[in-house]
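None of the values given here were measured: they were computed from a predicted structure.
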Amino acid sequence: QVQLVESGGGLVQAGGSLRLSCVVSGRTLSTYAMAWFRQAPGKEREFVAGISRSRRNTNYGDSVKGRFTISEDNGENTVYLQMNNLKPEDTAVYYCAADRNAAFDFIQPVSAAYHYWGQGTQVTVSS
């Protein structure tokens with residue numbers, strides 16, 4: 001059974017930083033393409049960042065490019081999302097997701113492609 005557990009969310013002022021973590025258990029992290037999504041109240045779930053199974057490629061949503069960075073520690077089976085220069089519009093529940101069918105260098109930016117999800121962690125950015 002694959003489990004994803006996020007942590008690191010919280011309340012931060014605009015311009016601040018947070019680092020989210022997602023620990024994967026049950027299978028080796030390198031088996032999956034990994035991604036972060038977020039969902040604000042009343043809005044669709046939005047792709048934030050992804051990393052391919054090969055780990056050669058990363059991709060980011062337009063609203064976070066240049067501010068957020070996805071990375072992973074295969075030895076710790078953990079994926080990270082470093083979030084800098086946070087804005088009030090970044091406020092959302094952030095979810096970690098794993099895609100077991102991804103092509104080696106490909107990242108799916110749509111939530112329906114992902115098979116495993118964490119429970120989410122709340123990020124709130126005050127102005």
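- Asp90 places no side-chain N or O within donor-acceptor distance of the main-chain N or O of Val64, the cut-off being under 3.5 Å.
- Between Asp62 and Lys65 a salt bridge is recorded (basic side-chain N to carboxylate O distance below 4.0 Å).
- The CZ atom of Phe68 lies 5.0 Å from the CG atom of Leu86; values are rounded to the nearest 0.5 Å.
- Summarising the geometry, atom CZ belonging to Arg67 is positioned 4.5 Å from atom NZ belonging to Lys87; distances are rounded to the nearest 0.5 Å.
- Between the Tyr60 side chain and the Ile70 main chain, a donor and an acceptor come within less than 3.5 Å of each other.
- In this structure the side chain of Val24 never reaches within 4.5 angstrom of the side chain of Thr78, judged on heavy atoms.
- Separating the OG atom in Ser54 from the CG atom in Asp105 is a distance of 3.5 Å, to the nearest 0.5 Å.
- Formation of a donor-acceptor pair under 3.5 Å by the Gln13 side chain with backbone atoms of Ser127 is not found in this model.
- Using the six-membered ring where Trp is involved, Phe37 and Trp117 have ring planes that are tilted, between 30° and 60° apart.
- Ser52 places a side-chain N or O within 3.5 Å of a backbone atom of Asn57 that can act as its donor or acceptor partner.
- Rounding to the nearest 0.5 Å gives a distance of 11.5 Å between CD of Gln3 and OH of Tyr116.
- At distances below 3.5 Å, at least one donor-acceptor pair connects side-chain atoms of His115 with backbone N or O atoms of Arg100.
- Here Leu81 contributes atom CG and Trp36 contributes atom CH2; the two are 6.0 Å apart, rounded to the nearest 0.5 Å.
- A donor-acceptor distance shorter than 3.5 angstrom exists from the side chain of Asn77 to the backbone of Leu29, with no hydrogens or angles considered.
- Both Leu20 and Val48 are members of a single hydrophobic cluster when ILVMFWY side chains are connected at heavy-atom separations under 4.5 Å.
- Under a cutoff of 6.0 Å and an axis angle of 45°, Arg38 and Tyr95 do not form a cation-pi pair.
- Asn84 and Ser17 are linked by a side-chain donor-acceptor pair at a separation below 3.5 angstrom, with hydrogens and angles left out of the test.
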